Number of protein chains: 2
Amino acid sequence: MTRKGLLTTQRKVIYEIVKQAKDHPTAADIMERLKQGGYSFAYGTVYNSLRYLTEAGMIRELQLEGDASRYDGHVEDHQHVICRLCGKVDEVYTVVPTDWVATVANETGYDIEMEHVVFKGVCPQCQNATKDTNL
Amino acid sequence: MTRKGLLTTQRKVIYEIVKQAKDHPTAADIMERLKQGGYSFAYGTVYNSLRYLTEAGMIRELQLEGDASRYDGHVEDHQHVICRLCGKVDEVYTVVPTDWVATVANETGYDIEMEHVVFKGVCPQCQNATKDTNL
DNA sequence: TTTCTTGCAAAACATTTGCAAATCG
DNA sequence: CGATTTGCAAATGTTTTGCAAGAAA
């Protein structure tokens, strides 16, 4: 798992932030939390560290919609669901049906190695909030 | 479908390029094909047109991995598969299992409205090309 | 010392925006 | 005319890169 280099202070701190975050932060979010925690790392270092941690398999990079990549401390195989209203991103641990993937492989001829699924909808909180309004 | 404004020459030409493309071109790709076709639209106009066409439901914007958005002339509901080796993007028309989506909705509490699925693997051509090598 | 990492600034991209000129109805 | 759209350039936001200084093996 550890190829080259090691966990420097910066990388360790950034790893902890991502690991403990419940909201899939962007690099900018992480910068902000670093400042709040009394750290002041260079932007380049944050990106460097995030790439390192991603390549080491310690975190996952999510490229959902929007400009900035988000980072996820959960490395187990899982998918994501985004709330159309508040933008929240939650984890989905329901496993992708293997027979469906097999069908896709058959129909496309691809040797399929992984799937990234993003569901979109309305989260429970926003469902409540908009119960009487007409969205 | 048509809210405001109409199909100007630029939008029509760009629409035709996306519609006929077989490779999900980026804005830069489209710029290049415009030049090859003898047109010279401003970058801003290309983005403006792509947004217009997307909002009019005439094309789809894909945010796969990498920096640049890709555009797809197929607006029917479908998914995508990317070749890990050559980067090709193909269409997947195998329908997402509804009972799986229902399970995800149950487990997450979300009201799920749509799914974006990206499969990753190796396309038939690259499978052949690497048959004897050890990738 | 030799290699990797940080910090900082500049560069590289993709995309958006502001505004004057052109076009359409 | 009045509204929209184009073209161009400048601005924005994200991510990468170059390089000198610093830290680690």
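Per chain, numbering begins at 1; letters A, B, ... match sequence-line order. Predicted, not measured: the structure shown is a model, and the values here were computed from it.
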key: Check: Gln10(A)/Tyr39(A) side-chain N/O donor and acceptor closer than 3.5 Å   = no

task = Would you check if there is a donor-acceptor pair between the side chains of Asp29(B) and Thr26(B) at a distance under 3.5 Å?
result = yes

Does [N] have OP1 or OP2 sitting under 4.0 Å from an N or O in the side chain of [X]?
{"X": "Tyr47(A)", "N": "dT16(D)", "value": "no"}
{"X": "Arg51(A)", "N": "dT15(D)", "value": "no"}
{"X": "Thr8(A)", "N": "dC4(C)", "value": "no"}

ask   = According to the interplanar angle, ranging from 0 to 90°, do the rings of His24(B) and His80(B) count as parallel (below 30°), tilted (30 to 60°) or perpendicular (above 60°)?
value = perpendicular

Length of the line joining [X]:[atom1] and [N]:[atom2], which is rounded to integer Å:
{"X": "Glu61(B)", "N": "dT15(C)", "atom1": "CD", "atom2": "C1'", "value": "10 Å"}
{"X": "Gln63(A)", "N": "dT15(D)", "atom1": "CD", "atom2": "P", "value": "8 Å"}
{"X": "Tyr39(A)", "N": "dT5(C)", "atom1": "OH", "atom2": "C1'", "value": "17 Å"}
{"X": "Leu53(A)", "N": "dT15(D)", "atom1": "CG", "atom2": "P", "value": "15 Å"}
{"X": "Leu62(A)", "N": "dT15(D)", "atom1": "CG", "atom2": "P", "value": "12 Å"}
{"X": "Lys12(B)", "N": "dC24(C)", "atom1": "NZ", "atom2": "C1'", "value": "12 Å"}
{"X": "Leu50(B)", "N": "dA14(C)", "atom1": "CG", "atom2": "P", "value": "14 Å"}
{"X": "Arg11(B)", "N": "dG7(D)", "atom1": "CZ", "atom2": "C1'", "value": "14 Å"}

Tell me, do [X] and [Y] make a side-chain contact under 4.5 Å, heavy atoms counted?
{"X": "Val104(A)", "Y": "Val81(B)", "result": "no"}
{"X": "Met58(B)", "Y": "Arg11(B)", "result": "no"}
{"X": "Ile30(A)", "Y": "Leu50(A)", "result": "yes"}
{"X": "Glu115(A)", "Y": "Trp100(A)", "result": "no"}
{"X": "Gln79(B)", "Y": "Thr94(B)", "result": "no"}

Just the table, please: protein N/O against nucleotides 7-11 of chain C N/O, every pair under 3.5 Å.
residue	atom	partner	partner atom	Å
dG7(C)	OP2	Thr45(A)	OG1	3.3

Residue Ser49(B), side-chain atoms from C-beta onward, closest of dT6(C), dT6(D), dT15(C) = dT6(D)

message = Using the side-chain heavy atoms of Asn48(B), tell me which of these nucleotides is nearest: dT6(C), dT15(C), dT6(D).
response = dT6(D)

Name the pairs: protein N/O against N/O of nucleotides 22-25 of chain D, kept only if under 3.5 Å.
none

ask   = Which residue pairs pass the salt bridge (charged side-chain N to carboxylate O under 4.0 Å, His left out) test with at least one member in residues 93-112 of chain B, sequence neighbours excluded?
value = none

message = Per the side-chain hydrogen bond (donor to acceptor under 3.5 Å, both in side chains) rule, what does the pair list look like for residues 59-70 of chain B, sequence neighbours excluded?
response = Arg60(B)-His78(B), Glu61(B)-Ser69(B), Glu65(B)-Lys120(B)

DNA chain D contacts made by residues 64-75 of chain A, counting heavy atoms under 4.0 Å = Asp67(A), Ala68(A), Ser69(A)

remark   = Interatomic distance, NZ@Lys19(B) vs CD1@Ile14(B), rounded to 0.5 Å, equals 15.5 Å

task = For Tyr110(B), check side chain to side chain donor-acceptor pair (under 3.5 Å) against everything at least two apart and list the hits.
result = Asp90(A)

